There are 2 protein chains.
Amino acid sequence: MPSKVSSSSKDGNSPKISEATVSRLPAYYRALSQLADAAQVRVSSEELAALTGVSSAMLRKDLSHLGSYGTRGVGYEVEFLRYQISREMGLNHDWSVVIVGVGNLGRALAHYGGFGSRGFRVVALVDADQTLIGTKVKCGAEGKTVELLVHALSDLEDVIKETNARLGVVATPADSAQVVSDRLVKAGIRSILNFAPVHLSVPEGVDVRKVDLASELQILAFHEQRKAV
Amino acid sequence: MPSKVSSSSKDGNSPKISEATVSRLPAYYRALSQLADAAQVRVSSEELAALTGVSSAMLRKDLSHLGSYGTRGVGYEVEFLRYQISREMGLNHDWSVVIVGVGNLGRALAHYGGFGSRGFRVVALVDADQTLIGTKVKCGAEGKTVELLVHALSDLEDVIKETNARLGVVATPADSAQVVSDRLVKAGIRSILNFAPVHLSVPEGVDVRKVDLASELQILAFHEQRKAV
DNA sequence: ACACATTTGTGCAAAAAAGCACAAATCCTC
DNA sequence: GAGGATTTGTGCTTTTTTGCACAAATGTGT
């Protein structure tokens with residue numbers, strides 16, 4: 001599991017879904033999309049579990065938190081279940097994303113096709129490097145690519161306001177990540193995906209998820225070392 | 001439970017460290033490296049916890065699983081603790097990494113500096129695209145960049161054998177990820193970092209860690225949606 | 001209509017993780 | 001060297017997550 005979030009929802013009417021469940025919903029959604037593409041109509045918990053690498057009991061319990069969308073003795077309707085998950089996760093909205101840091105990683109993220117196809121749209125690129133500012137970078141994968149202008153970091157607040165970005169991606173070097181994060185928060189961003197290898201401290205109510213490539217390799221190395229003995 | 005602090009490095013049975021703890025060790029290691037760079041000699045659990053975003057009690061319990069490396073009333077010696085963690089995680093070794101899939105993401109990973117600085121070295125690049133095979137790609141960040149030849153996917157087994165790669169990174173499109181994974185495993189790789197948005201099924205004894213960028217954004221979107229209400 | 005084969009949804013148990021609180025160990029001052 | 005101020009290491013409690021087993025609900029065939 002990549003990272004944690006510090007959430008602070010204070011409403012009592014939502015039927016609180018556990019964090020562990022939430023972290024698995026995207027995998028279910030992806031597998032269901034796959035099945036839908038293959039024109040499969042129904043799926044059992046056993047089959048969907050195998051596709052996503054969880055146990056069928058856990059899958060059923062996860063889904064039961066969303067509602068009773070299956071039929072006993074039959075299974076789940078692929079399209080229907082997919083829609084329910086997408087609605088629950090807010091994927092019927094279009095989420096605007098601003099990427100700060102247009103280095104190798106930032107550019108790769110901008111190109112990444114997986115975003116656009118699932119309700120996410122990169123609407124702004126920001127960097128501090130004078131040689132990058134003003135240049136154009138291709139965004140989105142095959143199909144519909146858009147060229148986006150790289151804006152100056154000093155214009156961050158304006159860019160967020162104009163584009164109405166809700167999600168911020170920090171793809172800067174480690175030493176500028178906290179400063180960038182602070183400015184994102186001040187500009188109204190309350191959900192941040194952090195690729196910089198540092199812990200970001202943010203005020204209550206702001207969620208940060210961290211993706212640390214080196215950490216993942218280190219965890220693998222740890223287990224690999226144990227195997228050798 | 002058996003907190004045996006044996007002076008001998010290799011005591012038969014290793015005192016199982018929980019997965020949750022292992023997943024936090026890289027963050028501790030990074031923070032300690034940072035402190036070491038700043039020439040700080042000692043650090044308290046409180047301070048290190050703040051740097052890594054965990055509670056001080058949890059940090060102490062995590063570290064206690066490695067051994068009793070702190071001094072009551074004083075704290076931990078930065079260099080010493082850092083060394084102990086690096087040893088425990090096998091970061092004193094050099095880990096050879098093969099990257100399969102040299103698209104935008106694969107190239108960004110190859111460039112990524114965070115790998116080289118922590119005991120990981122990209123030793124081979126492999127792709128199925130005929131137009132990429134034979135081209136050279138710069139690896140590693142500032143300092144020492146190396147140019148690596150992109151090998152054909154059909155040579156995967158040979159490349160792994162020659163380079164002695166132990167870790168495999170899958171950065172291919174979703175539909176070829178499972179096939180690539182199978183071949184990595186057959187070639188002897190037992191630790192895989194998967195960036196493709198699919199679940200990889202692997203035989204027992206093989207570890208897979210998944211990094212899914214779209215999933216991370218979806219999880220953020222879920223929480224973001226709840227905030228709006 | 002009725003027995004039967006499936007498959008979901010869920011109560012309960014087990015395991016894992018996180019949090020609390022304090023004794024034990026160390027340093028510092030006088 | 002005694003006493004007070006810290007700070008670790010850890011037993012215990014609470015919360016979260018996972019796993020098991022089966023009743024409830026649905027479809028099928030005779």
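None of the values given here were measured: they were computed from a predicted structure. Convention: sequence-line order gives letters A, B, ...; per-chain numbering from 1.
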Taking 4.0 Å as the cut-off, does a side-chain nitrogen or oxygen of [X] come that near to OP1 or OP2 on [N]?
X	N	result
Thr71(B)	dT26(C)	no
Ser68(B)	dG9(D)	yes
Ser18(B)	dA17(C)	yes

Contacts satisfying salt bridge (charged side-chain N to carboxylate O under 4.0 Å, His left out) that involve residues 35-64 of chain A (not counting sequence neighbours) are Arg24(A)-Asp62(A)
Look for any protein N or O under 3.5 Å of an N or O in nucleotides 11-13 of chain C and output each such pair with its distance, or none.
unit_1	atom_1	unit_2	atom_2	d
dG11(C)	O6	Lys61(A)	NZ	3.2
dC12(C)	N4	Lys61(A)	NZ	3.3

With sequence neighbours left out, write down each residue that passes side-chain hydrogen bond (donor to acceptor under 3.5 Å, both in side chains) with [X], or none if nothing qualifies.
X	result
Ser44(B)	none
Ser18(A)	Thr21(A)
Thr71(A)	none

Short N-O contact, Glu157(B) and Arg183(B), less than 4.0 angstrom:
yes
What residues from residues 198-206 of chain B pass a heavy-atom cutoff of under 4.0 Å to DNA chain C?
none
Strand-adjacent residues in residues 73-86 of chain A, judged by heavy atoms under 4.0 Å from DNA chain C
Gly73(A), Val74(A), Gly75(A), Tyr76(A)
Looking only at dA18(C), dT8(C), dG19(D), the nucleotide nearest the Arg60(A) side chain is dT8(C)
Length of the [atom1]-[atom2] vector between [X] and [N], whole Å:
X	N	atom1	atom2	result
Glu19(B)	dT18(D)	CD	P	13 Å
Leu59(B)	dA17(C)	CG	P	17 Å
Tyr28(A)	dT8(C)	OH	P	13 Å
His65(A)	dT18(D)	NE2	C1'	12 Å

Sequence neighbours excluded, the answer for salt bridge (charged side-chain N to carboxylate O under 4.0 Å, His left out) partners of Arg190(A) is none
Quick one: label [X] by what it contacts on the DNA or RNA (base, sugar-phosphate, nothing), any heavy atom closer than 4.0 Å.
X	answer
Ser56(B)	nothing
Arg24(A)	sugar-phosphate
Thr21(B)	nothing

Not counting sequence neighbours, which residues clear ring pair (Phe, Tyr, Trp, His ring centres under 6.0 Å) with Phe222(A)? List them please.
none
With sequence neighbours left out, the residues meeting ring pair (Phe, Tyr, Trp, His ring centres under 6.0 Å) with Tyr83(A) are none
Please list every donor-acceptor pair under 3.5 Å in which a side-chain atom of residues 94-113 of chain A meets a protein atom from a residue at least two apart or in another chain.
unit_1	atom_1	unit_2	atom_2	d
Trp95(A)	NE1	Gly90(A)	O	2.6
Arg107(A)	NH1	Val102(A)	O	3.4
His111(A)	ND1	Arg107(A)	O	2.9

Go through the N and O atoms of the side chain of Arg72(A) and the base of dG9(C), and report whether any donor-acceptor pair is under 3.5 Å.
no
Are Phe80(B) and Tyr69(B) an aromatic pair, judged by ring center distance below 6.0 Å?
yes
Here the side-chain hydrogen bond (donor to acceptor under 3.5 Å, both in side chains) pairs for residues 163-176 of chain B, sequence neighbours left out, are Glu224(A)-Arg166(B)
